[in-house]
Structure formats: C-alpha cells, structure tokens
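To start, the structure itself, in structure tokens.
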Amino acid sequence: MPWRGEKDPYRVWLSEVILQQTRVDQGWSYYLKFLKAYPDLSSLAQAREEEALLAWQGLGYYSRCRHLLEAARMIATRFGGKFPERHEDLLSLPGVGAYTAAAIASFAFGLPHAVVDGNVIRVLARFFGIGMAPGTAEGKAAFAGLADRLLDRKDPGMHNQALMDLGAQVCSPRSPSCPHCPLQGRCIAYRSGQIKLLPTRDPGPRVTDRYFHYLVIQAGDSVYIRKRTSNDIWKHLYEFPLIETKRPLGPEKLIRSRPFCDLLGNLDFRIWETRKAPLQKLTHRRIHGSFTRILVPESSARLEGFLRVPVTELSRYAFPRLIFSFLQGNPLTLLGLMTGL
DNA sequence: AATCCGGGGCG
DNA sequence: CGCCCAGGATT
C-alpha cells in the first residue's frame, strides 16, 4: 500500500479522511492532487473552500472536504499550528471520529490506539467467530474492546496497518482468499464453514406496520384527492383522504371512527365497498392499505382541504404505487350512473 | 438509535 | 440493475 510507513500526521490525516468509505484506487489520485495543492497544514488552513471543493469534486461525501478545512483552521488557531497528538484532541477535530483519531495517533505518533474499521471488524468477526452485528451498540463495544486487547503495544502502527491490510487484501468481504491466508488454520469462521455468514450484517431498519385506510369519495364523476406535504413517505405525491391507524381496523369500525365522522359527518353518503390492497413493502415499513369507496351526492358541499378531480383526470397526478395499482384494477367511472346518486 | 451523506464495484 | 460497502455528523 502506497501510504505504508507514512509518519507525517498531516499526510496520514489527509489520506485517512479521503479514504473513508472510499476505495484506494478511487481516492488515491485525489490524495495526490490535494497534497500538491495543499502540501502542508498551513496551506490547507488558508485554502478557499470553493477551490478545495472543486478539487474534491467527484469524490462524494462533500462534508469531508468542508470538515478538512475547518479542522485545518482549528489546528492553526487552537493548537498553534502544531498537529495535536492526543487521541482526545484528535477526536475534537471536525470529521475525525474514533477510527481516524486512532489511525493518526498510531501511524503518526506511535500511540497505542487500535483502529476499528470495516476491514478490522471483518477479520475479527471471522477469526474469532463473533456473531454480533457491528452496527449495534453491543457489537461496537465488543469489537472495539477486542481490538484494543489485541493491539501490539510495541508497534501499534504496524499492528493496525497489518490488520487492515489483511482485511482489505485477503479477508475480503465476498470472496476472501482463505487458501492464501496466514491465519486460515486458526480462523473459527473458516474451520466451521461460516466465512460467508460473518461478520453478521447489521440488522436492517426495523420494519414497522402502518395501516392506511383510504376513502375514495366519489361525487358524480369526481373524486377527492390531496397532495402529501408532510415529511413522510410519498412526499409530494397525491392520495385520497386518508385515515391512518397504528393497528388493523375493519370497515365497520372504520366508518364509526372519529376521523371518519369528522370527515364525512354531515354529508349524505353511502358506502359502496371496501377492498384491501396488496401488502406494500418498503425498506422499513409495511403498508397495509385499504380502499373504501364512498358515494356522495354530486351536489354536496366540497370537502375542505381536498381537490375535487374528475376521475378521467386522475392520470395527471402522481400517486404512490399502492394507489396507482388500486386505480388500475378499479375503474371509478360509471358508479354514479349505476347508483343513481 | 436512526438517518443522511455520494460514489463505485460486484454478482 | 439491484445490492453492498462504510465513518462521521446530525437529530
């Protein structure tokens, strides 16, 4: 690896920040570019953010670049232009978290702080057969503690580098080179055939259920809709009047519920039918939808806060798939004629 | 504790 | 093309 043996804290810091969430072959040219434009701390502290961001362009996670300049200026003022050595001081720099602080402390200053990045976690999880998910508080503590106990205090920088190199080049995420791994014989995951299962992937966002009861209120050839504006799923898409509940609610209870009466209270209405929508699965939600078709006289007062739209023009509005699918399977026309309302 | 922040690589 | 990767800040 090109940064092997680098001891200059500025260079270590710069490379570690650039290499956060970034592959070496993607980030390395940016590192060289930055080093050329800003060869030392003071030149970076004086850099114009516009210019630095331009150099960062295409690398992503642009707050890293802003934090870089912020931290450089903080070092210039608060630390008298001298790169801080204490882990605690490093942590106080914007954009420097536990990983980067440990990397600088150990690589540049030889201080005994264990780095715990994705590579290290993968090696430890496999070698020791640890099934805890790294993203949980429990898992974080476990891997950090283990890495710290394992650290070679004679040469923390070398130890950290070796562990990360092993994770990056041999103990890779998908198809690790176990046949070439020096630790193969003592690797719990390898010996028990758990390589593909470790490390345990973080639990996805926990899935919660939401119950959306849509009221398809038809007045003659028109129907009521509105735009979703709150910070929620489907923002800026349209929908029918909605009653949401935290628990399942049958049609009978729905039409006697408070929100239902508030909405339709003094209107002359007739329930036509209720049908359930197929379960809609989102990343962290399951939407249980239902559509209750309700007829009101064409002449009835307009519902406040809603658009009254001819059913033939519904195609001009963007709906969530849940609603769009319902519309495709349930043409809303002719209902008024059939019922005489 | 959950969510956001951008890219690229891989199957 | 969808899935995966991942450190730090924010809320």
Side-chain angles (χ1 to χ4, degrees), chain A residues 3 12-31 33-34 49 52-72 74 87-107 113-126 132-144 147 160 163-177 195-210 230-235 281-286 321:
Chain A
W3 59 87
V12 172
W13 170 54
L14 184 61
S15 65
E16 289 302 336
V17 170
I18 287 178
L19 263 26
Q20 285 168 7
Q21 300 96 5
T22 305
R23 286 177 169 74
V24 177
D25 51 8
Q26 185 199 354
W28 199 247
S29 67
Y30 286 85
Y31 170 68
K33 194 202 292 189
F34 262 76
E49 187 174 285
L53 278 170
L54 206 57
W56 196 276
Q57 193 172 32
L59 197 52
Y61 284 103
Y62 296 92
S63 65
R64 286 185 292 169
C65 182
R66 288 187 283 102
H67 289 323
L68 213 51
L69 268 58
E70 231 182 289
M74 191 182 293
H87 187 257
E88 184 190 335
D89 290 336
L90 292 169
L91 266 181
S92 74
L93 299 172
V96 176
Y99 165 76
T100 308
I104 299 171
S106 65
F107 296 155
H113 295 277
V115 296
V116 186
D117 72 344
N119 293 313
V120 172
I121 286 171
R122 194 166 51 251
V123 170
L124 296 182
R126 287 173 175 167
M132 276 178 277
T136 62
E138 187 192 29
K140 278 192 176 86
F143 285 108
N160 283 334
L163 215 49
M164 288 198 291
D165 283 1
L166 186 72
Q169 301 183 41
V170 180
C171 195
S172 53
R174 303 208 206 199
S175 47
S177 310
I195 285 289
K196 292 183 304 300
L197 273 44
L198 293 173
T200 304
R201 64 156 185 72
D202 287 330
R206 80 165 196 287
V207 177
T208 58
D209 293 286
R210 296 176 70 172
S230 60
N231 266 344
D232 195 2
I233 57 168
W234 303 337
K235 191 177 180 179
K281 290 175 184 163
L282 288 73
T283 313
H284 55 298
R285 298 272 183 259
R286 288 191 306 185
R321 197 162 65 90

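Lettering follows sequence order; numbering is per chain, from 1. Values reported hereafter were calculated over all heavy atoms of this structure, with side chains retained and with hydrogens, waters and symmetry mates removed.
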Starting at atom CH2 of A/W56, determine the distance to atom C1' of B/dG6, rounded to an integer number of angstrom.
12 Å

Would you kindly give the NZ-to-C1' distance between A/K140 and B/dA2, to the nearest whole Å?
10 Å

Start and end of chain A contact along DNA chain C [non-hydrogen atoms, under 4.0 Å]:
C/dC4 to C/dA9

Gap in Å between the two C1' atoms, one belonging to C/dG8 and one to B/dG9, rounded
23 Å

Donor-acceptor contact present, side-chain A/R64 to main-chain A/G60, <3.5 Å:
yes

Measure the distance from OH on A/Y30 to P on B/dG6 and round it to the nearest whole Å.
13 Å

Of A/A137 and A/T22, the one whose closest DNA chain B nucleotide lies more 5'
A/A137

CG of A/L59 to CD1 of A/I18, rounded to nearest 0.5 Å, is 6.5 Å

Once you round it to whole Å, what is the distance between P of B/dG7 and CD of A/Q20?
16 Å

So, A/N160 side chain and A/A114 main chain: donor-acceptor pair closer than 3.5 Å or not?
no

I need the CD1-C1' distance between A/I18 and B/dG6, as an integer number of Å.
15 Å

With DNA chain B as reference, determine whether A/R64 or A/D25 sits nearer its 5' end, using the nearest nucleotide of each.
A/R64

Would you mind classifying the nucleic acid contact of A/V17 as base, sugar-phosphate or nothing, using non-hydrogen atoms under 4.0 angstrom?
nothing

If you look at every strand shown and take non-hydrogen atoms under 4.0 Å, does A/R122 touch a base, only sugar-phosphate, or nothing?
sugar-phosphate

Rounded P spacing from C/dA9 to B/dG8 in Å:
24 Å

Across the strands shown, which category fits A/Y99 at heavy-atom distances under 4.0 angstrom: base, sugar-phosphate, nothing?
sugar-phosphate

Non-neighbouring partners of A/Q21 that pass side-chain hydrogen bond (donor to acceptor under 3.5 Å, both in side chains), sequence neighbours left out:
none

Between A/Y61 and A/L93, the residue closer to the 5' end of DNA chain C by nearest nucleotide is A/Y61

If I take atom CD1 from residue A/I104 and atom CD from residue A/E16, how far apart are they, to the nearest 0.5 angstrom?
7.5 Å

Aromatic ring proximity, centroids under 6.0 angstrom, A/W56 and A/F34
yes

I'd like to know if the side chain of A/Q57 pairs up with that of A/Y62 as donor and acceptor (distance under 3.5 Å, no hydrogens or angles considered).
no

Roughly how many Å is it from CD in A/Q21 to P in B/dG7, rounded to a whole number?
13 Å

